[in-house]
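Working notes, beginning with the structure itself.
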2 protein chains.
Amino acid sequence: MSDSIWCFENINLYQVLCPHKLKEFGKDHFEGFKKGDFIYFPEDASQSIFMVSKGKVKIVSYNEDGEEVVKAILGKGEIFGEKALLGEEKRSDYALACSEPTELCPMRLSDMYQLMRTNEKFGFSIYKLIGVRIKKMERRLEALLFKDVRTRLCEFIKEMADESGTMEGTELVVSHFFTQKDFADLIGTSRETVTRLFNELKEEGIIDYSRKEIKILAKEKL
Amino acid sequence: MSDSIWCFENINLYQVLCPHKLKEFGKDHFEGFKKGDFIYFPEDASQSIFMVSKGKVKIVSYNEDGEEVVKAILGKGEIFGEKALLGEEKRSDYALACSEPTELCPMRLSDMYQLMRTNEKFGFSIYKLIGVRIKKMERRLEALLFKDVRTRLCEFIKEMADESGTMEGTELVVSHFFTQKDFADLIGTSRETVTRLFNELKEEGIIDYSRKEIKILAKEKL
DNA sequence: TCGCAAATGTGATATGGCTTACATTTTATG
DNA sequence: CATAAAATGTAAGCCATATCACATTTGCGA
């Protein structure tokens, strides 16, 4: 649990990547996005990776019916588009800003590679970041294979709490900006089931759910 | 589709990694394993990554009941343990040889990093390899989220065919050494369902399944 | 501030695939 | 070659969760 949300599992990437600390690359590093602005589209050339320096970014795709499917939501200090580093030539999904204003810190691939080669510490940070991503995916896969929906939701809430929860008195509070549909996408279930489960957890006095935040009243029961 | 099984999605890693081509690192690079030999255990320090130079390797874990759950099966030219490169300190699963003899080409982490830094081509191969792994995982995740078991099995068979199928007359033949339990683990279903589906596909004249190989009679219907 | 679209709530019904339980076949092993 | 162990085959019943069909609430944009 951390109060500095950009501290990403012991790798302070914000510190490493932030333009202020890397003046030589820092010229055109900030960009302002409005809510709903697309940052990239599938088939766009994967030329850079991004760090969120302000706001929130959604990674999504669209299913056959044109409905949005959320794959990830990222906040300050988090990185996306990093598959570009791994030989991906074209983006495979959409990235869009979902809060206003959203500011990003894009880094060109060539700069990244150079930095990774010359700055050992930086290189390791990037490796580690990708490793963490893979671990996260593996956990998700395992949950999907072996755990029921309620367990998946509980674990998801706990993860959110670990990443961005704050203690307010005796309550652990996680502020968020997910819709229940987003939760559903992220844990792999239907919107209706999520609604039902949130109310169930509420009834049982385990959480207190509202649109903006989740208060965790009994973490041990999650 | 390729007849050289170690050609891994356009990256000929065998060529790059094979000890014969890297004499300076090649002293102790071959090791013989018998069927069932463990290569590493969870909690072992992640000190090296391996390439299969002969035989087959299973990556597994065990569930609460002590049953084996297969996570991946790798053949010649494929790499495993690569999370070591990404900041993983301890192995998180078991790797064991599942054919005899199995030979590996282990590379120490420090050597890898050095090679990656000095040999640009090598570095890119590794990045790309990890990228391919991630893509594969993403596909798996998506299949699990959006597709029913039959579709998942069909796609899995098609993938096998693309990776290691050979044309024999008009038939596309994939030889394999999976049990139906293995298929079940890999696509996320129960063994019984796999049995049923294989027989269903057989009845429908789409494939011809036997323990050693799958003949694909109507790829378009898969 | 009104109106409308998006988000949430809830019941009824349907169903894919898991589980259980056991039979049969194939393969490994002394 | 005999016997055990592993893999495969099959059926019946059940259950978690999807799907459908609405009602209600919330919040945003004009």
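Atom C1' of nucleotide C/dG9 and atom NZ of A/K181 are separated by 17 Å, given to the nearest angstrom. When rounded to the nearest whole Å, the span between NZ of A/K212 and P of C/dA7 equals 15 Å. To the nearest angstrom, C1' of C/dT8 lies 13 Å from NE2 of A/H176. Rounded to a whole Å, the CD atom of A/Q180 is 11 Å from the P atom of C/dA7. Atom CG of A/D185 and atom P of C/dT8 are 12 Å apart (whole Å). In this structure, CZ of A/F198 is placed 14 Å from P of C/dT10, rounded to the nearest angstrom. Atom P of nucleotide C/dC18 and atom CD1 of B/I187 are separated by 9 Å, given to the nearest angstrom. If you measure from atom CD of A/E192 to atom C1' of C/dA12, you get 13 Å, rounded to the nearest angstrom.
Residue-to-nucleotide proximity on DNA chain D shows that, of A/R152 and B/R196, the 5′-proximal contact is made by B/R196.
The backbone N or O of A/E213 sits nowhere less than 3.5 Å from a side-chain atom of A/S175 that would complete a donor-acceptor pair. Formation of a donor-acceptor pair under 3.5 Å by the A/K71 side chain with backbone atoms of A/S61 is not found in this model.
Using cut-offs of 30° and 60° for the angle between ring planes, the B/F183 and B/F156 rings count as perpendicular.
Taking each heavy atom of A/R140 and A/D185 in turn, the nearest pair found is NH2-O, 3.6 Å. When every heavy atom of B/E82 is checked against every heavy atom of B/I49, the shortest pair comes out as CA-CG2, 3.8 Å.
Ionic pairing of B/E88 and A/K135 is present here: one or more N-O contacts between side-chain nitrogen and carboxylate oxygen are shorter than 4.0 angstrom. The pair A/R139-A/E155 does not count as a salt bridge, with every side-chain nitrogen at least 4.0 angstrom from each carboxylate oxygen.
For DNA chain D, the outermost nucleotides in 5' to 3' order that have an atom under 4.0 Å from a heavy atom of chain A are D/dT17 to D/dG27.
Nucleic acid contact class of A/T195 (heavy atoms, under 4.0 Å, all strands): base. Across all strands, B/F178 comes closer than 4.0 Å to no nucleic acid atom at all (heavy-atom distances). Here B/T179 lies in heavy-atom contact (under 4.0 Å) with sugar-phosphate atoms only. Within 4.0 Å of B/Y209, counting heavy atoms only, lie sugar-phosphate atoms of the nucleic acid but no base atom.
With hydrogens and angles ignored, a donor-acceptor pair closer than 3.5 Å exists between the side chain of A/R191 and the base of C/dG9.
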